[in-house]
There are 2 protein chains.
Amino acid sequence: VPGYQQDALTEDQISGERELFGPFTQAVRELVDATIRTTVAPEEIRRAQAEIEAITSRLTTSQLPGPFGVLFGTEGRGRPWGNAVVGLRNAVAPPLVVRQLEDTDGRTGRICSDFHLGAAYEGPPDLTHGGVSALILDQLLGEAAGAGNRPGMTATLTLTYRRPTPLGDLRGEAWIERSEDHKTWARGRILAGGEVTVEAEGLFILPRWAREAIAERDAADAPTPRFFE
Amino acid sequence: VPGYQQDALTEDQISGERELFGPFTQAVRELVDATIRTTVAPEEIRRAQAEIEAITSRLTTSQLPGPFGVLFGTEGRGRPWGNAVVGLRNAVAPPLVVRQLEDTDGRTGRICSDFHLGAAYEGPPDLTHGGVSALILDQLLGEAAGAGNRPGMTATLTLTYRRPTPLGDLRGEAWIERSEDHKTWARGRILAGGEVTVEAEGLFILPRWAREAIAERDAADAPTPRFFE
């Protein structure tokens, strides 16, 4: 599958990377928040800018030639660490931590996520950007499809905004509604204080190239991506 | 209108803020990209983290109590500088610069935006996250509604994914399809290399509280928000 690369890191090495890059990226997220909200003097902003540029120069002396992609270690689980919603190393991502829920028949792919959105996710004043809700629900519906072993790429996604979504502590939920051949219909919603603010439904389709690649990998007993991270 | 505040900055003061915070936030965006892609040694990551934490500490000695909101200067144009898509001070935003296109009858609200998405907007390997396309289209359709003097908040949004959207240079377009009372239907799309990758249609509604607040402000000859930034 193009872009899904195996780097053969062991579980221990992956834990080490997680412990290194988790707090590092969190520090960058806090800087992003401060960049929006700071009211310090202009000379302080200029000094901070010069220091940030110096840090970036050092970090870019050695870097990947392009985006992060999805890496696979020896144990076969993907690391979508550049992902815009769940990426451990992406300061644009809140990041969401997705939990798989108990599932009586193993096919509903029910998942949920409790997350916090700060100033960086604002649309109308004090509210979550409607498009940020769409971004998060696209990821959650895709994760539900994957959790139910029905991975796919988004074909259609429909959002219905029931009421404004505040910034702050929110909950996302998603599950598979039904599936047929390579198509999976999933639904989900965002809740604030227990009230539904946005509902979503989407169709996810596993493309032919992915079906072929997965069949090849299954034959070779190699790890396969569980969903399109 | 709640959260839309007037700070009475002059045009010159706003230009000064733009020249200060534009490059500063761009430096933070480049740090976000480096955070995802760097392959430097662990001790370099730890050193960068400590320095970033020190910068954030200085920036947060004086800051807004919450998100940025939308500020209005004396000239009446809003500054949605914390906005997740177009925000000048938001490193999560690419940011998009939206241009209003020639409009024969002044009611189609036709707008477009040329933008670049890097590693921070990845979903599947090497591709733009489907939810990021939704995020951007929500903003563009809303801007089209506002540009046609039919502002509103998103009520429904439907995305149809025609083909994968690469990362890199992209174009967004949006326009008003029709409107009726407080409802406006808008359409839009994302193009890569001239080919449509994602299409969107949405319904935007101006809520009652906003209609009342705008009527009051119109009566008082005060600046009104042109759309829900």
Side-chain angles (χ1 to χ4, degrees), chain A residues 3-4 20 24-25 27-28 30-32 34-40 42 44-45 48-49 51-53 55-56 58-60 62-64 67-70 82 84-85 89-92 119-126 129-132 134-135 138-139 154-161 167 228, chain B residues 3-4 20 24-25 27-28 30-32 34-40 42 44-45 48-49 51-53 55-56 58-60 62-64 67-70 82-85 89-92 119-122 124-126 129-132 134-135 138-139 154-161 167 228:
Chain A
Y4 293 90
L20 181 67
F24 172 56
T25 311
V28 178
E30 283 160 26
L31 174 63
V32 169
T35 300
I36 297 168
R37 296 169 56 202
T38 188
T39 52
V40 300
E44 273 294 331
I45 299 293
Q49 182 182 333
E51 290 178 8
I52 290 163
E53 286 169 350
I55 295 166
T56 302
R58 295 193 332 253
L59 293 173
T60 55
S62 172
Q63 64 175 355
L64 300 173
F68 192 86
V70 179
V85 179
R89 288 184 56 170
N90 189 341
V92 163
Y121 303 97
E122 190 179 37
D126 296 327
H129 195 296
V132 168
L135 165 64
D138 176 59
Q139 179 74 27
T154 321
T156 64
L157 182 69
T158 299
L159 291 310
T160 305
Y161 296 83
L167 291 169
F228 286 88
Chain B
Y4 293 91
L20 181 67
F24 172 56
T25 310
V28 178
E30 283 161 26
L31 174 63
V32 169
T35 300
I36 296 167
R37 296 169 56 202
T38 188
T39 53
V40 299
E44 273 294 329
I45 299 294
Q49 181 181 334
E51 291 178 9
I52 291 163
E53 286 168 350
I55 295 167
T56 302
R58 296 196 329 254
L59 293 173
T60 55
S62 172
Q63 64 175 355
L64 300 173
F68 192 85
V70 178
N83 183 288
V85 178
R89 288 184 56 172
N90 190 341
V92 163
Y121 304 96
E122 190 178 36
D126 296 327
H129 195 295
V132 168
L135 166 64
D138 175 59
Q139 179 74 28
T154 320
T156 63
L157 183 69
T158 299
L159 292 311
T160 306
Y161 296 83
L167 291 169
F228 287 87

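Chain naming here is simple, since letters A, B, ... match the order of the sequence lines and numbering starts at 1 in each.
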A/T158, A/V28, A/L157, A/V32: which one forms the most heavy-atom pairs within less than 4.5 Å of chain B? A/L157
Portion of B/A120 that has a non-hydrogen atom of chain A nearer than 4.5 angstrom: both
Take A/L31 and B/E53, measure what side chain to side chain contact (heavy atoms under 4.5 Å, CB included) needs, and give me the verdict at the end. CA-CA 8 Å; A/L31 174 63; B/E53 286 168 350; over 6 Å; no
What closest approach, in Å, do B/D126 and A/P67 show between heavy atoms, and which atom pair accounts for it? OD1-CG, 3.5 Å
Considering only heavy atoms and a distance below 4.5 Å, find which of A/I45, A/T60, A/V132 pairs most often with chain B. A/I45
Restricting to non-hydrogen atoms, name the atom on B/I55 and the atom on A/E51 that form the minimum distance, rounded to 0.1 Å. CG1-OE1, 3.2 Å
Please report the closest heavy-atom contact between A/D138 and B/G131, naming both atoms and the distance. OD2-N, 2.9 Å
Select one option (side chain, backbone, both, neither) describing which atoms of A/L167 are under 4.5 Å from chain B's heavy atoms. side chain
Heavy-atom pairs under 4.5 Å with chain B - which of A/A91, A/A27, A/A155 has more of them than the others? A/A155
B/R37 side-chain N/O to A/Q63 backbone N/O, donor-acceptor pair under 3.5 Å: no
Exercise: identify the closest heavy-atom pair between A/Y161 and B/T154: CB-O, 3.3 Å
B/T35 side chain to A/T25 side chain, donor-acceptor N/O pair below 3.5 angstrom: no
Do we see a donor-acceptor contact under 3.5 Å between the side chains of A/T156 and B/T160? no
Report yes if the side chains of B/L64 and A/T38 come closer than 4.5 Å at any heavy-atom pair, otherwise no. no
Between B/A34 and A/T56 the two heavy atoms that sit nearest each other are CB-CG2, 4.0 Å
Could you state the interatomic distance from CD (A/E44) to CZ (B/R58), rounded to the nearest 0.5 Å? 5.0 Å
Counting heavy-atom pairs under 4.5 Å with chain A, the top scorer among B/A119, B/A84, B/A134 is B/A84
Counting heavy-atom pairs closer than 4.5 Å to chain B, which one of A/V85, A/L59, A/I52, A/V40 comes out on top? A/L59
Residue part contacting chain B, namely of A/A48, when any heavy atom lies under 4.5 Å: both
Donor-acceptor contact below 3.5 Å, side chain B/E122 vs main chain A/G69: yes
